[in-house]
Amino acid sequence: MKLTILGGGGFRVPLVYRALLGDRTEGRVTDVVLHDLDAGRLSAVARVLAEQAVGVPDAPFVTATTDLDEALLDADFVFSAIRVGGLEGRAADERVALAEGVLGQETVGAGGIAYGLRTVPVAVDIARRVARLAPEAWVINFTNPAGLVTEAMSRHLGDRVIGICDSPVGLGRRVAQVLGHNPDDAFVDYVGLNHLGWLRGLHIAGRDELPRLLADPELLVSFEQGRLFGADWLQSLGAIPNEYLHYYYFNRDTVRAYQQAELTRGAFLRGQQALFYDDMRHPDTPALKAWHDTLAEREAAYMAENREAAGVGERAEEDLESGGYEKVALALMRAIARDERATLILNVRNGTTLAALDADAVIEVPCSVDANGAHPMSVAPLPGHATGLVCSVKAVEREVLAAAESGSLATAVKAFALHPLVDSVTVARRLADGYRDVHPGLAYLR
């Protein structure tokens with residue numbers, strides 16, 4: 001079985017390959033094709049993968065190419081993990097927004113809109129090529145903003161593109177563990193959009209255990225999201241939000257923390273990964289050790305500005321483990337390829353799941369997965385405050401898609417202006433101009 005990884009020179013690719021190495025079942029991936037525009041990054045990641053495979057019998061065979069069509073041809077699965085504009089682009093997204101006093105995070109607010117405007121045209125081109133060169137392939141989208149990009153690709157691939165994110169998985173795992181349960185035994189009632197969702201229940205053998213957590217303030221602040229939001233606010237919500245909702249609920253605090261930080265997240269990662277890839281130019285660099293060391297530093301610094309705004313300090317050791325997006329991807333691939341039924345939180349087209357949204361809107365919900373793909377499960381409606389936020393952000397995503405399709409600068413300005421975290425049409429206009437000045441990839445907006 002052939003797996004193509006787009007963005008194959010990306011730093012997190014070894015996580016995926018490590019998961020593949022642990023899969024010893026029949027029908028597993030036998031061939032991995034890495035595609036990237038940067039041959040140097042491809043070479044660096046291929047070295048890490050080669051060291052990972054040492055001593056592993058029948059490890060998936062790895063090839064690398066800068067030719068997109070060659071990489072896609074006859075693929076069974078395509079993992080899309082591209083970053084249009086690189087980390088330099090992410091750092092610029094943050095910088096332009098913060099200069100206007102608004103959030104420039106990678107997937108949230110002005111930064112997410114700018115990133116989406118750069119990424120959607122490229123993602124659409126990829127979707128069209130997949131439809132032509134590998135029409136039976138399933139596309140698993142890691143590319144941020146994951147919900148927006150998945151929806152853009154779904155207009156050309158239908159339900160054969162599925163978006164994944166590790167945030168809901170990590171949240172469900174932490175809540176289950178805090179309550180003394182095995183996460184594998186829990187059904188997580190989680191609903192929303194990508195990076196905009198709420199855990200409303202955690203069911204063990206049919207019993208919802210979340211009320212027990214919400215009733216115990218000490219237990220609530222014993223895990224990362226509880227410390228980030230605070231027990232009182234979680235009890236008011238009656239749910240545990242995805243950590244990215246901290247940007248909405250504590251927006252001014254977070255913007256202030258970002259403005260005062262020595263480096264934004266994008267600037268930190270740009271510098272950190274530049275050192276890693278530069279080191280990998282030397283043939284005597286121990287590839288796997290260099291990657292592990294860089295990964296540990298990266299995870300420890302995750303959402304540092306939010307923790308600063310909340311006054312909760314460094315990440316606890318038990319919070320350093322991610323939700324494991326590579327494990328979600330592997331479980332999704334297994335369920336489809338072998339018809340091994342699984343329940344996973346995924347980004348898929350809404351259908352009739354949330355009445356407030358149309359059928360084609362991509363949402364993030366628990367899904368039943370089998371050989372025919374991912375099927376969103378029935379969920380209870382969101383409360384009014386959450387529905388309002390979801391509908392508002394989805395409307396912004398639709399304006400981003402319309403701007404990317406038409407090339408209309410006015411529509412891009414509308415997307416910025418309508419976002420809940422951008423409170424001024426004047427600021428929206430300056431954002432659009434500022435991003436066009438620093439991103440050649442936005443020259444198409446006129």
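Atoms considered below: every heavy atom in the structure, side chains included; atoms not considered: hydrogens, waters and symmetry mates.
The pair Glu224-Arg174 meets the salt-bridge criterion, since a charged nitrogen lies less than 4.0 angstrom from a carboxylate oxygen. The residues Lys2 and Asp76 are annotated as not salt-bridged, no charged nitrogen and carboxylate oxygen being separated by less than 4.0 angstrom. With respect to Arg90 and Glu94, a salt bridge is recorded, a charged nitrogen being found less than 4.0 Å from a carboxylate O.
Proximity of Leu34 to Leu49: side-chain heavy atoms (C-beta onward) are separated by under 4.5 Å at one or more points. Considering only heavy atoms from C-beta on, Asn350 stays 4.5 Å or farther from Pro376 through its side chain. In this structure the side chain of Met333 never reaches within 4.5 angstrom of the side chain of Glu340, judged on heavy atoms. Residues Asn144 and His195 have side chains in contact (heavy-atom distance under 4.5 Å, counting atoms from C-beta outward). Under the 4.5 Å side-chain criterion, counting only non-hydrogen atoms from C-beta, Glu297 is in contact with Phe268.
One finds the CG atom of Asp189 at 10.0 Å from the CE atom of Met377 (value rounded to the nearest 0.5 Å). The CG atom of Leu133 lies 5.0 Å from the CG atom of Asp69; values are rounded to the nearest 0.5 Å. Note that CG of Leu68 is 11.0 Å distant from CG of Leu73, once rounded to the nearest 0.5 Å. Note that OG1 of Thr119 is 9.5 Å distant from CD1 of Ile126, once rounded to the nearest 0.5 Å. In this structure, CG on Leu210 lies 11.5 Å from CD1 on Ile204, to the nearest 0.5 angstrom. Taking CG from Leu220 and CG from Leu234, the interatomic distance works out to 5.5 Å, rounded to the nearest 0.5 Å.
In this structure, Tyr247 and Tyr244 have tilted ring planes: the angle between them lies in the 30° to 60° band. Ring-plane geometry between Tyr249 and Trp233 is classed as perpendicular, the angle between the planes exceeding 60 degrees on a 0 to 90 degree scale with a lower cut at 30. Between Tyr325 and Phe142, the ring-plane angle classifies as perpendicular under the 30° and 60° cut-offs.
Between the side chain of Glu326 and the backbone N or O of Ala19 there is no donor-acceptor pair closer than 3.5 Å. Formation of a donor-acceptor pair under 3.5 Å by the Tyr435 side chain with backbone atoms of Asp93 is found in this model. Side chain of Arg18 to main chain of Gln52: no donor-acceptor pair is present (N/O by atom type, distance under 3.5 Å, no hydrogens or angles). Using modelled atom types, one side-chain atom of Arg160 and one backbone atom of Glu136 make a donor-acceptor pair closer than 3.5 Å. Counting only distance, with no hydrogens or angles, the side chain of Thr294 and the backbone of Ala290 share a donor-acceptor pair below 3.5 Å. At distances below 3.5 Å, not a single donor-acceptor pair connects side-chain atoms of Arg12 with backbone N or O atoms of Ala81. In this structure a side-chain-to-backbone donor-acceptor pair under 3.5 Å is missing from Arg83 to Gly7. Side-chain N or O atoms of Thr143 include one that pairs as donor or acceptor with a backbone N or O of Ile82 at under 3.5 Å. No donor-acceptor pair under 3.5 Å is formed between the side chain of Arg118 and the backbone N or O of Gly441. The closest donor-acceptor contact from the side chain of Thr285 to the backbone of Asp279 lies under 3.5 Å.
Checked against Pro60 for a side chain to side chain contact (heavy atoms under 4.5 Å, CB included), the options Asp23, Asp31, Leu21 give a single hit: Leu21.
Taking all atoms of both residues into account, the shortest heavy-atom contact from Lys289 to Asp293 is NZ-OD2, 2.8 Å. Nearest heavy atom pair, residue Gly10 against residue Asp36, reads N-OD2, 4.0 Å. Heavy-atom minimum distance, Leu179 versus Arg212: O-NH2, 3.0 Å. The heavy-atom pair separating Tyr115 from Val84 by the smallest distance is CE1-O, 3.9 Å. In terms of heavy-atom proximity, Thr65 sits nearest to Ala71 at CG2-CB, 3.8 Å.
By the 6.0 Å and 45° rule, Arg298 does not stack over the aromatic ring of Phe11.
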